[in-house]
Amino acid sequence: MIAFVRKEMLEASPPPASQHGWQGWMRENLFSSPLNIALTFVTWIALGAFTNMAVTWLLHGVWTADSYLECQEIILAYYGPEASGPCWAVIRERWHQFIFGFYPVEEWWRPVFCFGLMMLAFVAPLFSDDVRNARRVIVPVGVLTLVLMVLASAPVAACVIGAVIFVGALAISAKPLRLLPWTGVYPFVAVWLLWGGSLAGPVMALLGLVILGMVVRLLSGRLGVPLSAGLGIVAAFVWWTMLEPQIAASLPGDLAFLAQVGSENIGGFLLAFVIGVSAISMALPLGILLALGRRSDLFIVNKLSVGFIEFVRGVPLITLLFTASLLLQYFLPPQVQFETVLRVIILVTFFSAAYIAEVIRGGLAGLPKGQQEAADALGLDYWQAQRLIILPQALKISIPGIVNVFIGLFKDTTLVSFVGLMDPLRGVTAIVRADIDWKGAYWEPYLFVAAIFFVACFGMSRYALYLEARLKTDHR
Amino acid sequence: MNKTLFLGTLAAAALTGAVAQAGTLEDVKARGELNCGSNTGLTGFGAPDDKGEWHGFDVDLCKAVAAAVFGDASKVKFVPLTGETRFTALASGEVDVLVRNSTWTYSRDTDLKFDFVAVNYYDGQGFMVKKDLGVSSAKELDGATVCIQTGTTTELNLADFFKANNITYTPVNVADDGEALRQFTAGACDTYTTDASGLASTRATLPDPDNYIILPEIISKEPLGPVVRHGDNAWGDVIRWTYFALLTAEEKGITKANIEEVATSTQDPEIKRILGLEGDLGKMLGLDATFAKAAIAANGNYGEIFEANIGVATPIKLARGLNALWTQGGLQYAPPFR
């Protein structure tokens with residue numbers, strides 16, 4: 001006689017408390033063996049002591065004082081003779097030099113505007129088909145830019161133009177790629193905003209590029225990409241060197257004139273961003289060309305690319321910076337005034353282009369040979385095959401490496417202090433410490449600069465993760 | 001073929017460079033601005049303030065030169081230079097004159113092909129110790145740890161001094177003054193050595209300056225002064241005599257405040273010559289007759305510049321010492337304006 005027959009399955013009972021939840025996690029990861037228990041406690045004690053020290057130190061911070069000595073007196077009065085603490089007053093007094101260098105106060109809105117427009121220029125290439133994230137960037141950046149511009153007492157006209165640009169961008173952002181023309185125009189706007197002068201100069205320079213693009217577009221069908229690009233470059237040079245000066249002379253000199261700001265006034269993070277962003281955005285296309293050149297069968301193209309990459313990679317960045325700041329001046333006639341910042345940007349671009357070329361070459365090498373053969377079988381020519389088949393896959397593989405180079409490059413911009421430019425880490429810090437009031441400030445500037453660098457580099461790294469996830473098409 | 005072309009370009013570049021450097025004064029005038037090589041930030045001697053205006057003892061000399069050349073002390077661009085880049089920047093023509101507390105040495109004068117046209121500050125290397133170390137002379141520093149900035153003449157002087165006195169030391173290398181201050185106050189080294197002017201300014205920023213003493217020994221001669229390139233004596237003369245005008249002004253009691261009054265009332269022929277009321281001294285330099293007057297009016301005479309930037313009334317509290325006028329027992333001596 002069967003007394004009991006189970007009709008349904010038992011509910012699965014949860015694992016014992018020691019196996020799941022935070023207890024389980026701790027048991028497994030922190031207290032799994034006597035050695036691990038000992039290590040856990042030692043680590044906790046060390047972390048606790050360090051946190052205690054750091055937090056106490058930070059809590060002793062002084063925000064309002066007129067000199068470092070006064071900071072120390074305040075700490076002494078409040079917390080006793082043994083206490084020490086940061087003197088944030090130095091940041092409060094001098095933060096603008098860490099951000100803008102010596103950019104004139106009444107013109108601060110220009111770098112701010114420039115930065116907001118830069119984020120806008122990034123939208124198209126970074127979020128090409130992701131409307132939600134594109135808007136997530138455009139809206140807060142727009143609002144923040146306008147608020148900061150108002151705070152920096154920008155002219156009303158500039159605020160209105162800024163509002164129109166951001167609202168317009170939002171309106172057409174249903175397809176973020178429609179913002180791509182702005183990405184092309186932006187560098188010229190940025191130069192005009194940062195250095196000032198008449199709008200005519202950047203517009204004329206931009207027209208040269210337009211001529212180049214039109215020549216390539218019209219002729220590449222008949223002559224092929226390289227030859228038409230060569231002709232385009234010649235045409236652009238003719239424009240820049242012969243036609244442009246005459247036209248520029250006939251224009252009114254004060255067309256949309258902004259007060260001129262010399263490069264010697266650009267310092268701090270403004271300088272780091274100017275060098276970093278220009279070098280990054282120029283190094284990527286240059287690096288792609290070099291990587292393709294290195295894999296090319298054409299003898300001269302191949303050897304030139306290899307020579308360039310190996311030479312630049314074989315030389316420390318500092319050497320290139322010294323070359324930029326000192327050696328170039330020997331070879332140029334003195335009439336040619338070539339700003340140090342510009343020289344540094346060019347050589348930093350070369351430097352990172354060589355590294356990016358090698359990263360991309362790794363991506364190219366990672367593609368199966370069949371991809372190129374399939375492109376050939378479809379009847380695509382070299383440039384079509386690269387553009388449609390090879391590069392999209394190769395670049396996807398290279399993303400972590402490229403971002404790595406970019407982050408390194410951005411941090412390497414601090415090396416320009418060795419050629420006397422005012423980078424935020426050493427250049428501005430030295431200037432601030434030269435003020436007798438702030439001479440003792442040691443950790444405070446470094447911590448401030450480190451925090452800003454961390455935000456920028458962490459942002460780049462998170463974007464790379466996002467991009468990898470978005471472009472993931474395999475099922476690994 | 002390529003090689004010839006390359007060498008040809010090099011030669012042409014060198015030639016244009018040489019031609020251009022022959023007349024720095026003309027270049028400066030044509031540019032409308034003086035490029036002055038200055039410090040990346042040295043308390044009291046040259047640093048920009050929170051508005052980006054440059055101030056300091058060396059900076060004021062540059063402004064005086066700009067005033068002498070253009071009649072306007074603001075027509076000067078300061079190019080911050082590091083210890084590594086300063087001499088190359090001068091040699092390559094990026095700056096017209098270097099006023100960046102640079103020590104006049106034999107090899108810099110001859111081998112690097114520069115001219116030190118004057119000495120605007122007589123400095124020397126000293127030692128600072130904590131009072132409770134119980135040391136009263138640098139010769140008692142046997143076995144001490146010494147904070148020392150790398151890549152400077154002070155490093156070599158230090159080695160020479162300890163070797164000559166047959167005592168030993170352990171160097172603690174620091175990159176700059178800020179790091180040195182930190183290491184020294186944290187007790188990482190027994191003594192910090194650098195130029196005595198630097199020690200004084202460092203001590204002035206300590207919360208408890210009375211607990212630190214600067215030892216009496218000055219172990220080196222550090223004549224600091226403006227530097228120009230070899231081979232352009234006319235330009236060197238402009239800098240030199242602008243400086244001497246500031247010295248003579250102090251000697252004659254001409255100050256920024258009373259210069260106009262002196263110009264109208266003076267009977268002293270030399271003052272008249274300096275201020276351009278008599279003779280044509282300015283023309284001999286290729287400058288306006290009132291070049292010296294403009295230079296003095298910019299920031300005052302040598303003594304005024306000294307007191308305003310690094311003198312006893314400032315936090316740096318440097319006494320005139322060797323930098324007093326020769327009439328007051330110092331070394332500052334200007335040849336006659338005649």
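Chain letters run A, B, ... following the sequence lines, proteins first and then strands; every chain starts at 1. These numbers come from the heavy atoms of this one structure, side chains and all, not from hydrogens, waters or symmetry mates.
- Side-chain atoms of Thr40(B) and Met422(A), non-hydrogen and from C-beta on, never get closer than 4.5 Å to each other.
- The two residues Asp50(B) and His96(A) come nearest to each other via the heavy atoms O-NE2, 3.0 Å.
- Heavy-atom distances place the side chain of Leu181(B), and not its backbone, under 4.5 Å from chain A.
- Ionic pairing of Arg343(A) and Glu94(B) is present here: one or more N-O contacts between side-chain nitrogen and carboxylate oxygen are shorter than 4.0 angstrom.
- Both the backbone and the side chain of Ile431(A) come within less than 4.5 Å of a heavy atom in chain B.
- For Thr429(A), no part lies near chain B; criterion is any non-hydrogen pair under 4.5 Å.
- Neither the backbone nor the side chain of Glu53(B) comes within contact range of chain A, judged by heavy atoms closer than 4.5 Å.
- Using a 4.5 Å cut-off between heavy atoms, Tyr68(A) does not touch chain B at all.
- The environment of Phe237(A) atom CZ is sparse: at most 12 non-hydrogen atoms of other residues, nucleotides or ligands sit within 6.0 angstrom.
- The candidate from Leu42(B), Asp177(B), Leu81(B), Asp49(B) with the greatest count of non-hydrogen atom pairs under 4.5 Å with chain A is Asp49(B).
- Atoms OG1 and CG, from Thr85(B) and Leu321(A) in turn, are 11.5 Å apart once rounded to the nearest 0.5 Å.
- Considering only heavy-atom pairs separated by less than 4.5 Å from chain B, the leading option among Arg433(A), Gln72(A), Arg94(A) is Arg94(A).
- For OH of Tyr78(A), the number of neighbouring non-hydrogen atoms (other residues, nucleotides, ligands) closer than 6.0 Å is 12 at most.
- Here the closest heavy-atom approach between residue Ala434(A) and residue Ala47(B) is recorded as CB-CB, 3.5 Å.
- Enclosure of atom CH2 in Trp95(A) by more than 12 non-hydrogen atoms of other residues, nucleotides or ligands within 6.0 angstrom is indicated.
- The candidate with the highest count of non-hydrogen atom pairs below 4.5 Å against chain A, out of Thr185(B), Thr43(B), Leu206(B), is Thr43(B).
- Closest non-hydrogen pair, Ile436(A) versus Ile316(B), comes out as CD1-CG1, 3.5 Å.
- Side-chain contact between Phe102(A) and Lys51(B) is absent, with no heavy-atom pair separated by less than 4.5 Å.
- Side-chain atoms of Val79(B) and Glu264(A), non-hydrogen and from C-beta on, never get closer than 4.5 Å to each other.
- Ranked by heavy-atom pairs under 4.5 Å with chain B, the list Tyr103(A), Phe322(A), Phe418(A), Trp438(A) is led by Phe418(A).
- Contact count against chain A (heavy-atom pairs under 4.5 Å) is highest for Ser201(B) among Ser201(B), Gly44(B), Ala89(B).
- Counting heavy-atom neighbours within 6.0 Å of Lys29(B) NZ, excluding the residue itself, gives a total above 12.
- Of all heavy-atom pairs between Gln97(A) and Gly52(B), the closest is NE2-N, 4.3 Å.
- Looking at Thr202(B), both its backbone and its side chain come within 4.5 Å of chain A, counting heavy atoms on both sides.
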